[in-house]
Structures are given as C-alpha cells and as structure tokens.
Amino acid sequence: LFDARESIADIEAAWRASRNRFGNSDEIHPQNYAYVCGTGRQLVRLLQNADRGNVHFILFNELRDDPRNVYASVLRFLDVKDDGRTQFEARNARKTHIFPALGKLVNDPPFPLNKLKQGLRHLIVAAGREPPHPYHSLMTRRAGPPSPSPEFRSELEAFFAEDKRLLAQT
C-alpha cells in the first residue's frame, strides 16, 4: 500500500517519514503505513466483534492467480447464483507517472490551483458527468511492483512478524 497523495516518491523514505509522523499510533490515516498495512490486529478486532459466518477473506495472491475460483467463492458466501463469468480484467492497475513532478502538480496542485481544480470537479460532478482523466491515460504507464532493498525487506518482515503471527491464527 502506498498512498497516491504521498509527497515522498521513494517507498522506503515514505515508510520512515510515516513512522516519524505516526510512531505506533492507531490513527486511521492513509499515510500511517504501519497501521494501514497491519491487518493482523485489525482482523483480530473484527473477529472479536463480528460473527465469523459474516466474514469472508479474499487473499490478493489467490485473486490474482485464480480469479474465477475466488469469484465463485464470493458468490457462494453471498448466496448468489453463479453467472458463469470467466473473464476478469484488472481495474486500477498500478501505474507510475512518466513525469513525476507533473504528476504531483496534477494530483495535488498548490494553492490557488487546488481551489480551481476542486471547483471544476464539483461543477462536472454536479452536472452528472465523470471528471475527465486525460492526464492519466496519456501521462502514466503500468508499473511493476516496487523492489525494496533486501535490508528494507528484512526491516518490514521484522516489523510485521507479530502481525503475520496474528494472521496465521485467524
């Protein structure tokens, strides 16, 4: 998980800034990566408050590797008739800006451009239309997953070890 509004492009630097900003806080904020990515504690809390029969887990790797089977399991969980669908195209695939500085300006413009952007978006939505996204189609490209350094990967594995243990128990 990496918040698109993050001002720090490097994931390792963004993680460190997030830890400095939020520490071990459970503040719900998209840039509090330790909390947002710490699903073990969140799922334990969910299962303490919800009937297990009303919860259905979908693992991303299973969805990526076998979308038809995952889709069928969701339909069974919801007690909905299977429509036989077999094609599942990726939506909102990971993308990167061709020109990162321009991407930051478009996504998070400074004052007063941010007010102009908000006003235009409001007018377009009020008119019942979808805001145009020409920048995204022209100035972004699909990107593969980030490749953290071995040291950073080890740091994350150590940080989330307890979280992994909690997930294994659920």
CA sep, side-chain torsions, deciding dist, call: Arg165, Glu162, side chain to side chain contact (heavy atoms under 4.5 Å, CB included) = CA-CA 5 Å; Arg165 187 188 66 73; Glu162 174 64 10; 2.5 Å; yes

Looking only at non-hydrogen atoms, find the nearest pair between [X] and [Y] and report the distance.
{"X": "Leu75", "Y": "Asp82", "answer": "CD1-CA, 3.6 Å"}
{"X": "Arg52", "Y": "Leu47", "answer": "CD-CD2, 3.6 Å"}
{"X": "Pro67", "Y": "Phe88", "answer": "CB-CD1, 3.9 Å"}
{"X": "Lys117", "Y": "Pro109", "answer": "CD-CG, 3.8 Å"}
{"X": "Tyr33", "Y": "Phe160", "answer": "O-CZ, 4.4 Å"}
{"X": "Ser18", "Y": "Gln31", "answer": "OG-O, 2.6 Å"}

Please answer whether the main-chain N or O of [Y] pairs with a side-chain N or O of [X] as donor and acceptor at a distance below 3.5 Å.
{"X": "Ser154", "Y": "Pro150", "result": "yes"}
{"X": "Asp163", "Y": "Thr39", "result": "yes"}
{"X": "Arg64", "Y": "Asp66", "result": "no"}

task = Start with the C-alpha distance between Tyr35 and Phe22, add both sets of side-chain angles, then the distance that settles ring-ring contact (aromatic ring centres under 6.0 Å, His included), and finish with yes or no.
result = CA-CA 9 Å; Tyr35 177 76; Phe22 298 100; 9.7 Å; no

task = Could you tell me whether the side chain of Phe57 reaches within less than 4.5 Å of the side chain of Glu62, counting heavy atoms only?
result = no

request  = Would you indicate whether the side-chain heavy atoms of Phe99 and Leu105 approach each other to under 4.5 Å?
outcome  = no

message = Through direct or indirect side-chain contacts below 4.5 angstrom among Ile, Leu, Val, Met, Phe, Trp and Tyr, which residues connect to Leu59?
response =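 Via sub-4.5 Å side-chain contacts, Leu59 links to none.
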
inquiry  = I'd like to know if Ile58 and Val80 are part of one continuous hydrophobic network [Ile/Leu/Val/Met/Phe/Trp/Tyr, side-chain heavy atoms within less than 4.5 Å].
reply    = yes

Phe159-Ile11 co-clustered via ILVMFWY side chain contacts under 4.5 Å =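 Per the 4.5 Å side-chain linkage, Phe159 and Ile11 are co-clustered.
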
Side chain to side chain contact (heavy atoms under 4.5 Å, CB included) between Leu43 and Leu167, worked out = CA-CA 8 Å; Leu43 290 178; Leu167 286 171; 3.4 Å; yes

Could you measure the distance from the [atom1] atom of [X] to the [atom2] atom of [Y]? Nearest 0.5 Å is fine.
{"X": "Phe60", "Y": "Asp65", "atom1": "CZ", "atom2": "CG", "answer": "8.5 Å"}
{"X": "Lys81", "Y": "Asp79", "atom1": "NZ", "atom2": "CG", "answer": "12.5 Å"}
{"X": "Arg85", "Y": "Gln87", "atom1": "CZ", "atom2": "CD", "answer": "8.5 Å"}

ask   = Checking side chain to side chain contact (heavy atoms under 4.5 Å, CB included) for the pair Gln118/His122: CA distance, chi angles, key distance, verdict?
value = CA-CA 6 Å; Gln118 287 173 347; His122 178 73; over 6 Å; no

message = With a 4.0 Å cut-off on N to O distance, would you call Glu27 and Arg21 a salt bridge?
response =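 Here Glu27 does not pair with Arg21 in a salt bridge, since their nearest N and O are not under 4.0 Å apart.
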
message = Around atom CD1 of Ile28, are there more than 12 heavy atoms from other residues, nucleotides or ligands closer than 6.0 Å?
response =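 12 or below, so no.
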
